[in-house]
Structures are given as structure tokens and as C-alpha cells.
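Everything numeric in this text was worked out from a predicted model, so none of it was measured. In what follows, chains carry the letters A, B, and so on, assigned in the order in which the sequence lines appear, proteins first and then strands, with residues in each chain numbered from 1.
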There are 2 protein chains.
Amino acid sequence: MEALEVKGSLWLETEAGRFLGPGRVELLQRIEQSGSINKAANQMGMSYKKAWEMVQSMNAQAGTPFVLTQTGGEKGGGAKITPAAQGYIAYYTELRHRFQEFLAHESAKISKIIVEQGT
Amino acid sequence: MEALEVKGSLWLETEAGRFLGPGRVELLQRIEQSGSINKAANQMGMSYKKAWEMVQSMNAQAGTPFVLTQTGGEKGGGAKITPAAQGYIAYYTELRHRFQEFLAHESAKISKIIVEQGT
DNA sequence: AAGCGTTATTTTTTTCAAAATATAACGCTT
DNA sequence: AAGCGTTATATTTTGAAAAAAATAACGCTT
């Protein structure tokens with residue numbers, strides 16, 4: 001057994017289910033950067049519909065909306081994220097960093113342990 | 001936003017992909033306890049075929065087999081897990097315990113943080 | 001030799017999620 | 001009024017995974 005690694009995934013959950021994970025955070029960041037749900041979805045190889053449903057779900061679960069949209073107008077419309085969303089993104093990023101340190105630490109220990117048990 | 005919790009999932013990975021996670025560990029434990037792939041699968045609401053494929057995949061990825069099977073015989077056949085599998089189960093259980101402590105610690109901190117940022 | 005409960009394997013069917021397609025509305029620009 | 005790029009929504013199609021079903025083999029017991 002070579003190159004055994006500890007991997008994992010992390011998300012925030014409310015009583016209504018998953019609230020914020022890697023996919024939603026990336027979507028929010030791409031909406032922030034591009035100003036468009038459509039562009040963000042295309043960048044991620046995701047259908048507009050799915051992205052829009054993720055936005056709906058987040059807006060519903062958070063007390064305050066995470067994404068504000070506008071239909072029509074100068075550039076056809078657009079979307080931007082709220083300060084609340086930015087706050088959660090910052091928190092999630094720090095949390096993920098601590099998690100990656102946990103995983104790296106456990107991965108560093110693992111080879112020793114497996115050798116000890118003799119497989 | 002009430003009752004926000006940090007949740008996650010954890011597994012071991014080799015260059016060939018996922019090797020050991022919660023589902024496989026539970027399957028191994030139930031095979032050990034029941035002496036049968038079939039019974040273990042039924043207990044987990046899983047088809048025999050899927051359980052058998054998981055066993056095949058584990059046996060292939062680990063250098064040494066994790067499950068030994070016998071067809072025919074006194075009770076029609078059966079399966080048991082090897083000491084190597086038992087060693088990995090013990091390691092994974094300890095790892096999961098440390099992970100749950102990480103999650104609990106982060107969940108305890110989270111409410112404070114969210115309040116601070118004013119949502 | 002017939003029966004049993006299991007492992008082992010293939011084939012078929014079903015289910016469900018994802019993708020694709022289509023349509024409408026919106027508000028600006030020209 | 002026509003065109004644009006977007007949001008918003010419903011409908012259809014596709015595909016892949018899961019489930020179900022069917023078959024065979026195995027080695028013991030009776």
C-alpha cells in the first residue's frame with residue numbers, strides 16, 4: 001500500500017440541510033467576480049438552472065439573502081453577492097484552512113501507523 | 001440562522017481512488033459480526049451485488065485481502081475479514097474520533113463568529 | 001440425488017438526477 | 001419597436017447509477 005492519504009470534505013449545515021460547502025462557496029465567488037449567475041455557472045461547467053437553484057436555496061436558508069439579482073437593464077441584468085455572503089465566504093475559507101491542516105497532519109502520521117501494524 | 005453546525009466526511013485514498021470510508025468500514029464490521037456478505041448487505045439495505053463489488057474493490061486495492069470468502073459447505077458458505085482489515089478498522093475508528101472532536105470544536109466556535117459579523 | 005444458503009455473475013428493469021431545450025420577462029440601448 | 005444579455009421557469013430528453021431479477025456454482029447435509 002503506497003501513498004495512502006487522509007481526505008475529507010467539509011460543509012455547514014442547518015436543520016434544513018446542507019447550507020454552505022465547497023461548491024456553493026465557489027459559485028458565490030464566481031458570481032462576485034463576474035457579476036452574473038450565468039457566467040459563474042458556465043465557468044464551473046454547471047447549468048444555469050442548477051446554479052440558480054443553489055442561489056435560491058442559499059437565499060432561503062440564510063435569514064438574509066446572499067445574492068441579489070436584477071433582470072433587464074444596461075447589460076441585460078446581473079447578480080451580486082451581499083456582505084453577509086462575503087462574511088460567510090471568509091469564515092468558510094478560514095475553516096477549510098484549519099481542516100486542511102488537520103488532514104495534512106493525519107496524512108503525515110498514517111504511513112508510520114500502517115507499517116507498525118504489519119500490513 | 002439557528003443551529004448552524006460544521007459537518008464533514010472523511011476517508012482514506014490511494015492513487016487508485018477511494019479506499020476506505022464510512023460505508024466500507026461499516027460493511028466490514030457487519031461481515032465480521034454476521035460471517036456473511038449477504039447478511040451484512042441486507043442489514044445495510046444494500047444489494048448483495050453492491051456489497052460484493054465493494055469487497056472486490058477493497059481486496060484489489062489493499063495489497064493483502066480484507067475479506068476471505070467460501071462458497072458452499074456447512075452453512076452454504078460465508079465470509080470473514082482478515083487481521084489486516086481489523087487493523088484498518090481500528091485505525092479508521094480512532095481517526096474518525098479525532099475528526100469528530102475537530103468538528104465539535106469548530107461547531108462550538110461558529111455561533112460566536114457569525115454573531116460577530118452581524119448577520 | 002435433492003435441498004440448503006451462500007458466493008459469484010450476467011442481464012434486465014427501474015429510478016432519478018443531470019442535462020438539454022424552450023419560453024417568457026425584464027429593462028436598458030439603439 | 002427591435003435587439004441585447006441576462007434572470008426566471010417549465011418541459012423534455014438523456015444517461016448513468018441503482019435496483020431487481022435470473023442463473024449458476026459450490027460444498028455440505030440429509
Inset, instruction - Figure out the CD/C1' separation between Q70(B) and dA8(C), and round it to whole Å. - result: 14 Å
Inset, instruction - Applying side-chain contact (heavy atoms from CB on, under 4.5 Å), name anything that partners S34(A), two or more places apart in sequence or on another chain. - result: S36(A), K39(A), A40(A), Q43(A)
Legend entry - salt_bridge(R98(A), E101(A)) N-O dist < 4.0 Å: no
Inset, instruction - Pull out every stem in DNA chain D, meaning runs of 3 or more consecutive Watson-Crick or G-U wobble pairs with both distances under 3.5 Å. - result: C:1-30 with D:1-30
Legend entry - Y48(A) OH to dA18(C) P, straight-line distance once rounded to whole Å: 18 Å
Inset, instruction - Verify, without hydrogens or angle tests, whether T93(B) (side chain) and I89(B) (backbone) share a donor-acceptor contact under 3.5 angstrom. - result: yes
Inset, instruction - Starting from P on dA20(C), measure out to CE on M46(A) and report it in whole angstrom. - result: 13 Å
Inset, instruction - Give a yes or no answer on whether the side chain of N38(B) reaches the backbone of Y48(B) with a donor-acceptor pair at less than 3.5 Å. - result: no
Inset, instruction - Output the residues of residues 73-82 of chain A in contact with DNA chain C, where contact means a heavy atom of the residue under 4.0 Å from an atom of the strand; sort by number or write none. - result: G73(A), E74(A)
Legend entry - Gap between atoms CD and P, on Q56(B) and dT9(C) respectively (whole Å): 7 Å
Inset, instruction - Could you give me the CA-CA distance, side-chain angles and deciding distance for F19(B) and F66(B), then say whether ring-ring contact (aromatic ring centres under 6.0 Å, His included) is met? - result: CA-CA 12 Å; F19(B) 171 55; F66(B) 271 21; 5.7 Å; yes
Inset, instruction - Indicate, with a heavy-atom threshold strictly under 4.0 Å, whether T69(A) touches base, sugar-phosphate, or nothing. - result: sugar-phosphate
Inset, instruction - May I ask you to evaluate whether W52(B) reaches the phosphate of dT7(C), defined as a side-chain N or O under 4.0 Å from OP1 or OP2? - result: no
Legend entry - Covered region of DNA chain D, 5' end to 3' end, by chain A [heavy atoms, under 4.0 Å]: dG5(D) to dT11(D)
Legend entry - Residue closer to the 5' end of DNA chain C, G35(B) versus K49(A) (nearest nucleotide): G35(B)
Legend entry - Atom-pair distance (CG on N59(B); P on dT7(C)), nearest Å: 13 Å
Inset, instruction - Sequence neighbours left out, what passes side-chain contact (heavy atoms from CB on, under 4.5 Å) with K7(B)? Give chain and number order. - result: W11(A), E13(A), E5(B)
Legend entry - Centroid separation Y92(A) to F99(A) less than 6.0 Å: no
Inset, instruction - Write down the distance between CG (L68(B)) and C1' (dT7(C)), rounded to a whole number of angstrom. - result: 13 Å
Inset, instruction - Could you tell me whether the side chain of S107(B) and the main chain of V6(B) form a donor-acceptor pair under 3.5 Å? - result: yes
Inset, instruction - Begin from the C-alpha positions of K109(A) and E106(A) and carry the test salt bridge (charged side-chain N to carboxylate O under 4.0 Å, His left out) through to its verdict. - result: CA-CA 5 Å; K109(A) 285 196 306 185; E106(A) 291 291 346; 3.7 Å; yes
Inset, instruction - Would you mind classifying the nucleic acid contact of K39(B) as base, sugar-phosphate or nothing, using non-hydrogen atoms under 4.0 angstrom? - result: sugar-phosphate
Inset, instruction - Output every pair passing salt bridge (Lys or Arg N to Asp or Glu O under 4.0 Å) with a member in residues 69-86 of chain A, not counting sequence neighbours, ordered by first then second residue. - result: none
